Amino acid sequence: MGVKAALPRYELYCYNVVLCMAMLWAARWIFDVSSCKYKSTHDTADVEWMMWFSTFREHIIFALSGHVIFAKICSLLALQYRSLVFMVYGMLAVFTSMGWAYVTLILSHCVLLYSISLVKLRWLCFVAGLITLATFKMEPFISWQAGFVTGNFELRPLLFYGGCGFTIMRSMSFALENCEKKDGNYSILELLKYNFYLPFFYFGPIMTFDKFYIQANNPNLTRKDGEMWNISLQGLLHLGVIMIVAVLLHFMYILTIPSDMKLLKNISDWALAGLAYLNLVYDWVKAAVMFGVINTISRLDHLDPPKPPKCITMLYVFSETHFDRGINDFLCKYVYNYLGGKHDNVLDELIASLCTFGIAALWLGPGWVVFIWAFLNCFGRNFELWTAKFFTMEPFISIEMAISESMSRRIRVVFNTFNFWTIVLYNVLALNSLEFANLVAKRLLLKGEVLVIFERFKCILKSKRFYVIVIVRLKMYIYIYIYTYIYIFMFFPCYFKNILFLNQTIYCFSGFPFTTVTVMFVTYCLIQLIKERERRQALIDDPDPIPPPAPAPAPTAAPTPTDPSTTQTDAAAATQPVDPNKQKAE
């Protein structure tokens, strides 16, 4: 099935309508729960977001603005020394914020990995780098190294682990590229320039050394037409996204609710599904904005940084799932592609993915939740490969060739729908907790249960809009009973479920299979729209060739009267056998 397989326009319109209504429906549930349960003015559960755009916003803006000013002055006065100026300013900024002991600790790790890279043994550089990285992820090495940093600056613990972790990964990239260098070695000054580039130092993203070395030492700093306009537009876009997220976190506590298990057990299935999905969307938005701000500054320095991660809304396969494109590029280049080769052998793919997710687990910090996340994502990636190979065998390939391309696309999307929710559940496990992922899986996929709507939303039922539900009794007139049903269908997500009224309590059957079917259908609509977007992009990147015009028909002469004897002679000549050699020569 080609990626350019199209669907009817009316079918795509239906998918858009269903998806928009489902998202608004789930968002309304989350909004109602947030306004009922939480009375604070803002969802402050994400420490990293609050640090960047609230608590330490002035410090970060001051440091990055200074870098931009120094870079501009250097580009005007001493263009050939701009990478050296980046290093000096970065070291001064780190020294000012963290102290000389921290700078010494960073330099010691850089010198250690540089010395090992001189041996030019790839496996030794890997082992040394991973052992060094493990010292910042395990006790008692963490406490011992953290003792070098003192002071009351609240941001120091986060800056300590961020700077040290990214320093090790950058030093590993330098060491591995030095092993590939055939003539001589890179100088340690190049490693320090690479590591102490301030926009990337504390929070990433990781830009591999080979790309940074070429771009930072490029003497040609001319820009393309409209590049500065695109950079300015990108900065304004990130500012707008920050403001939108701030408004949404004011009304929807999507980060605080998943930590309240008692509340989660009493909310609707739509709210639970919406929370799981929006948590992943929020984490992508956070990564895109944070890396986007840094990337905008690095683009002002004539660098081409790693792109933001691909949105979870556009993902339905494990092979494209990542939230940090810098780490993803690092692992793909030095581990996954190096060990996996062409990725067509099942055993090589298994070894490459195991090593890749093992290093990713070490980067995130060893723990049971991280190990479970790594195992499940590794299994999902390999299961995709096994399934793809299985369905390329007979009789499946013949069956797919016999049906239309549009029907093949619909069948594939059915399988991608289940794959999408495995991606959601596996990554919710790492972003939230094992209990939250377990609850989502049980409520949406595994078992049904009876939920008590009246007790669940007793604070909402006090409003005038829901007063009819409170006074419902079986002895009341039939028109009140019908009126109550109208309110239920309008304001409760039990529209597709079985509803029972017993005295003053409303019981609603939820979970499997009612919620499962509806959620999977909405997901099916989402993936069809993703496929449509990919189809349009494929037509732009590789347009179909325009067929040549049909040749004009040859003019036919009008019949003329002929001599009967001549006609008989021509017919006799036509019936005579023709010599093949003569015909070929002619």
Side-chain angles (χ1 to χ4, degrees), residues 109 112-114 116-117 119-138 141 161 164-181 204-211 287 306 309-310 315 317-389 419 422-423 426-427 429-431:
H109 285 291
L112 174 64
L113 290 175
Y114 175 77
I116 296 174
S117 69
V119 185
K120 293 203 171 185
L121 293 176
R122 190 183 182 91
W123 67 268
L124 185 60
C125 295
F126 250 116
V127 171
L130 294 178
I131 292 176
T132 308
L133 182 62
T135 60
F136 291 100
K137 305 295 181 179
M138 300 178 182
F141 306 104
Y161 293 112
C164 292
F166 282 108
T167 293
I168 301 303
M169 300 297 281
R170 284 188 289 264
S171 299
M172 286 178 62
S173 176
F174 173 87
L176 294 171
E177 293 296 335
N178 193 58
C179 293
E180 299 295 329
K181 187 177 175 62
I206 293 178
M207 187 177 181
T208 54
F209 175 74
D210 56 334
K211 296 179 180 178
K310 194 171 183 180
L315 293 176
V317 290
F318 281 92
S319 58
E320 298 181 0
T321 305
H322 54 268
F323 291 93
D324 186 341
R325 198 180 290 267
I327 294 292
N328 181 76
D329 294 344
F330 178 93
L331 293 176
C332 286
K333 179 175 183 178
Y334 299 120
V335 184
Y336 187 65
N337 293 334
Y338 182 81
L339 298 177
K342 297 181 180 180
H343 303 290
D344 54 358
N345 185 277
V346 175
L347 182 60
D348 292 343
E349 181 75 9
L350 179 61
I351 295 174
S353 57
L354 284 173
C355 295
T356 301
F357 282 101
I359 297 175
L362 179 62
W363 166 254
L364 295 175
W368 282 112
V369 174
V370 175
F371 289 147
I372 295 173
W373 168 86
F375 171 77
L376 292 176
N377 280 272
C378 181
F379 171 77
R381 177 66 189 96
N382 285 274
F383 187 74
E384 281 182 354
L385 178 64
W386 303 337
T387 306
K389 286 186 172 294
N419 205 43
T422 55
I423 294 174
Y426 292 172
N427 289 280
L429 175 69
L431 296 178

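Computed from a predicted structure; not experimentally measured.
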Any idea which heavy atoms bring [X] and [Y] closest together, and the distance?
X    : Y    : result
G365 : K137 : CA-CD, 4.2 Å
G340 : A352 : N-CB, 3.6 Å
V346 : W386 : CG1-NE1, 3.1 Å
C125 : C179 : SG-SG, 3.5 Å
A128 : I116 : CB-CD1, 3.3 Å

If you measure from [atom1] on [X] to [atom2] on [Y], what distance do you get to the nearest 0.5 Å?
X    : Y    : atom1 : atom2 : answer
N382 : L350 : CG    : CG    : 5.0 Å
I206 : N328 : CD1   : CG    : 11.0 Å
F383 : T422 : CZ    : OG1   : 9.5 Å
L364 : I327 : CG    : CD1   : 8.5 Å
L176 : S171 : CG    : OG    : 10.5 Å
L385 : S353 : CG    : OG    : 9.0 Å

Looking only at the aromatic ring of each residue, does the gap between the centers of W363 and F330 stay below 6.0 angstrom?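 Between F330 and W363, the centre distance exceeds or equals 6.0 Å.
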
Under a 3.5 Å threshold, yes or no: a donor from one side chain and an acceptor from the other, between E384 and N419?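 The answer is yes; a qualifying pair exists.
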
Using the ring of each side chain (for Trp, its six-membered ring), is F174 parallel, tilted or perpendicular to Y114, with breaks at 30° and 60°?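 F174 vs Y114 ring planes: tilted.
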
Can you name the side chain to side chain donor-acceptor pair (under 3.5 Å) partners of D210, sequence neighbours left out?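 Side chain to side chain donor-acceptor pair (under 3.5 Å) list for D210, sorted by chain: T208, K333.
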
Residues in side chain to side chain donor-acceptor pair (under 3.5 Å) with D329, at least two apart?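 Partners of D329 by the side chain to side chain donor-acceptor pair (under 3.5 Å) criterion come out as none, since no residue qualifies.
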
Could you walk me through whether Y336 and T356 pass the side-chain contact (heavy atoms from CB on, under 4.5 Å) test, one step at a time? CA-CA 6 Å; Y336 187 65; T356 301; 3.5 Å; yes

Between S173 and F209, is there a donor-acceptor pair closer than 3.5 Å when you use the side chain of the first and the backbone of the second?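 Side chain of S173 to backbone of F209, a donor-acceptor pair under 3.5 Å: yes, one is there.
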
Full working for side-chain contact (heavy atoms from CB on, under 4.5 Å) between C378 and L354: CA-CA 7 Å; C378 181; L354 284 173; 3.6 Å; yes

Within 45 degrees of the ring normal and closer than 6.0 Å to the centroid, is that where the cationic atom of R381 sits relative to F357?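 No; the conditions do not both hold, so R381 does not lie above the ring face of F357.
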
Side-chain heavy-atom pair M172, T132 within 4.5 angstrom cut-off: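 No. Closest side-chain heavy atoms not under 4.5 Å.
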
Side chains of L133 and L362: does their closest heavy-atom pair fall under 4.5 Å?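 SC-SC contact between L133 and L362 confirmed.
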
Could you walk me through whether K120 and E180 pass the salt bridge (Lys or Arg N to Asp or Glu O under 4.0 Å) test, one step at a time? CA-CA 8 Å; K120 293 203 171 185; E180 299 295 329; over 6 Å; no

For side-chain contact (heavy atoms from CB on, under 4.5 Å), just list the numbers for I168 and T135, CA-CA rounded to whole Å, side-chain angles, deciding distance to a tenth of an Å, and then say yes or no. CA-CA 10 Å; I168 301 303; T135 60; over 6 Å; no

Of all residues at least two apart in sequence or in a different chain, which pass the ring-ring contact (aromatic ring centres under 6.0 Å, His included) check with F375?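 Here no residue qualifies.
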
Starting from the C-alpha separation in whole Å, work towards a yes-or-no answer on side-chain contact (heavy atoms from CB on, under 4.5 Å) for I359 and V335. CA-CA 9 Å; I359 297 175; V335 184; 3.6 Å; yes

Using a 6.0 Å cut-off, check whether atom OH of Y161 has over 12 heavy atoms from anything other than its own residue.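 Check passes, neighbour count above 12.
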
